[in-house]
Amino acid sequence: MDNKKSRVLIVGATGNLGHELAKASLNFSHPTFALVRETAFADPNKLVKLRSLSDAGVTLLKGSLQDEESLIEAIKKVDVVICAVSSTQVPDQKLLIQAIKKAGSINRFIPSEFGLDPDKVHISGMDYNFYSRKAQIRRLVEAEGIPYTFVSCNFFMSCLLPSLVQPELKAPPRDEIKIYGDGNIKGVFVKECDVAAFTISTLDDPLTLNKVLYLRPPGNVYSMNELTDIWETKIKKKLQKTYVSEEELLHKIRETPYPDNMLFIFIYSVFIKGDQTYFDIESSRGLEGTQLYPHLNYTTISEYLDTLV
């Protein structure tokens, strides 16, 4: 094993992204550890994941985001900490940040973001603090002077793309499609395993230290009109299009109870407000992953949609 590779601790390794991060970390030859709650071993689904990670070479450490002693003990074994807990657990990273500060040995921390850049979104006040919680963690990391990389990967392909941005559907439409806004604003979708590979690539890269890694891969940035065109070509059929105005979408968000309205809020943010693509990436603050790591292969939207035909 390459001694120069950072030792990595994954928090949230039983989640979808966390599991991919742990696998990618091993694939890139990093000594890999996972912080696991005691209760996870009693959950049959999580146990399957933990066994597969353990068999692959991940060292499982018992601990939790509520137990500072277990956090410090785990942190002292590694060089890098990656947190991939769910959005509801984002505030629980405060004790982890405190533990990283106390341990004083971490070269890099990647907090649980893995979505839109929380400093760039235009939906504050309507997203039930989804993004402000993430922004708060950023400010805390910066204030504590902890070395970081923030990963802004935009949408996972498992979010909205399986239905071609039709929240009411489970599969892509075959007859009619609702297009939000004018259908010309672009969104970004990246597969979880690809997000993991790009994230792990940053760990020992000085260029990404204290920067935001954005993912906007060519072939993964499309408007709703473009997504519809691609799908129509694949199914060899024209869909009947209904354009949903900003006002109609806002009405739908108000009428739909939380948390069921969150997907509509994300659609509003991305395909009306353009929150994933309205800004240029400033090199002083961030870098784009596919430009930085052109050797990494990834699944394009067209390739993903092929699996749904």
Side-chain angles (χ1 to χ4, degrees), residues 15-21 24 84 86-87 112-118 120-121 123 127 130-131 134 150-173 177-199 201 212-235 239 249 262-279 281 286 288-294 296-309:
N16 290 340
L17 179 65
H19 195 236
E20 294 295 346
L21 283 162
S86 67
S87 56
S112 191
E113 277 197 16
F114 303 106
L116 280 67
D117 183 335
K120 299 284 191 186
V121 292
I123 53 168
D127 65 347
F130 186 90
Y131 289 112
K134 294 183 176 189
F150 301 140
V151 178
S152 179
C153 63
N154 299 304
F155 279 144
F156 294 139
M157 280 189 176
S158 60
C159 175
L160 289 170
L161 197 58
S163 67
L164 219 64
V165 198
Q166 308 297 293
E168 296 96 340
L169 301 182
K170 291 274 182 277
I177 188 166
K178 285 179 184 162
I179 293 177
Y180 294 93
D182 63 9
N184 292 325
I185 293 174
K186 293 179 193 281
V188 186
F189 295 88
V190 188
K191 209 170 178 184
E192 277 98 330
C193 59
D194 299 332
V195 171
F198 281 104
T199 300
S201 297
V212 185
L213 180 81
Y214 292 97
L215 293 183
R216 292 180 185 175
N220 293 44
V221 185
Y222 288 120
S223 68
M224 282 203 71
N225 285 333
E226 290 169 327
L227 285 173
T228 305
D229 288 345
I230 294 168
W231 183 242
E232 286 177 334
T233 305
K234 290 187 189 298
I235 62 170
L239 299 177
L249 180 55
M262 283 304 288
L263 282 179
F264 293 104
I265 291 168
F266 293 145
I267 289 170
Y268 177 76
S269 165
V270 173
F271 292 107
I272 303 277
K273 291 297 186 185
D275 282 345
Q276 292 178 338
T277 53
Y278 76 85
F279 58 95
I281 298 166
E288 199 284 316
T290 56
Q291 291 174 8
L292 204 53
Y293 310 115
L296 287 183
N297 293 322
Y298 57 88
T299 301
T300 64
I301 284 176
S302 178
E303 288 165 344
Y304 176 79
L305 291 179
D306 283 336
T307 68
L308 303 181
V309 177

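Hydrogens, waters and symmetry mates are skipped; everything else that's a heavy atom, side chains included, is used. Since the structure is predicted, the reported quantities are computational estimates derived from the model, not experimental observations.
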- How long is the span from the CG atom in Leu308 to the OG atom in Ser163, to the nearest 0.5 Å? 9.5 Å
- Query: How about Cys159 and Leu263: do any of their side-chain heavy atoms sit closer than 4.5 Å?
  - Reply: yes
- Query: Quick one: are Val212 and Ile281 in side-chain contact, heavy atoms under 4.5 Å?
  - Reply: no
- Task: Say whether, by atom type as modelled, one donor and one acceptor occur between the side chain of Glu168 and the main chain of Gln166 under 3.5 angstrom.
- Result: no
- Note on the structure: On a heavy-atom basis, the closest approach of Glu303 and Thr299 is OE1-CA, 3.4 Å
- In short, Gly187 meets Phe271 closest at the heavy-atom pair N-CE2, 3.7 Å
- Item | Lys186 (side chain) donor-acceptor with Val221 (main chain) under 3.5 angstrom | no
- Task: Output, in order, the C-alpha distance, side-chain angles, deciding distance and verdict of side-chain contact (heavy atoms from CB on, under 4.5 Å) for Val195 and Phe156.
- Result: CA-CA 8 Å; Val195 171; Phe156 294 139; 4.1 Å; yes
- Item | Gap separating the CE atom of Met157 from the OG1 atom of Thr300, nearest 0.5 angstrom | 6.5 Å
- Message: Under the criterion side-chain hydrogen bond (donor to acceptor under 3.5 Å, both in side chains), I'd like the reasoning laid out for Asp117 against Ser152: C-alpha separation, chi angles, the key distance, then a yes or no.
- Response: CA-CA 5 Å; Asp117 183 335; Ser152 179; 5.1 Å; no
- Message: Once rounded to the nearest 0.5 Å, what's the spacing between atom CZ of Phe114 and atom CG of Leu215?
- Response: 10.0 Å
- Would you give the length of the straight line joining atom CG of Asp194 to atom CG of Leu296, rounded to the nearest 0.5 angstrom? 8.5 Å
- Query: Do Val188 and Pro217 come within less than 4.5 Å of each other through their side chains, counting heavy atoms only?
  - Reply: yes
- Item | Side-chain heavy-atom pair Lys134, Phe150 within 4.5 angstrom cut-off | no
- Phe189 vs Val165 side-chain heavy atoms within contact, under 4.5 Å: yes
- Parallel, tilted or perpendicular: which describes the rings of Tyr131 and Phe266, with under 30° parallel and over 60° perpendicular? perpendicular
- Query: Distance-only, no hydrogens or angles: does the Ser223 side chain make a donor-acceptor pair with backbone N or O of Gly183 under 3.5 Å?
  - Reply: yes
- Looking only at atom types and distance, does a side-chain atom of Asp127 sit under 3.5 Å from a main-chain N or O of Ile265, one as donor and one as acceptor? no
- Answer yes or no: is there an ion pair linking Lys191 with Glu20, defined by an N-O contact shorter than 4.0 Å? no
- Task: Just do the side-chain hydrogen bond (donor to acceptor under 3.5 Å, both in side chains) check on Lys234 and Ser302 with the steps written out, would you?
- Result: CA-CA 9 Å; Lys234 290 187 189 298; Ser302 178; 2.9 Å; yes
- Message: Check whether Tyr268 reaches the backbone of Tyr180 with its side chain - one donor and one acceptor, N or O, closer than 3.5 Å.
- Response: no
- Task: Using a 4.5 Å cut-off on heavy atoms from C-beta on, say whether the side chain of Tyr298 contacts that of Pro218.
- Result: yes
- Query: Step by step, would you call Ser158 with Asn16 a side-chain contact (heavy atoms from CB on, under 4.5 Å)?
  - Reply: CA-CA 10 Å; Ser158 60; Asn16 290 340; 5.8 Å; no
- Query: Is the side chain of Tyr278 donor-acceptor paired with the backbone N or O of Lys120 at a distance under 3.5 Å, no angle test?
  - Reply: yes
- Query: What is the distance from atom CZ of Phe198 to atom CD of Glu288, rounded to the nearest 0.5 Å?
  - Reply: 7.0 Å
- Atom CG of Asn154 and atom CD of Gln276: how far apart are they, to the nearest 0.5 Å? 4.0 Å
- Query: Are Ile185 and Ile272 side-chain neighbours, meaning at least one heavy-atom pair lies under 4.5 Å?
  - Reply: no
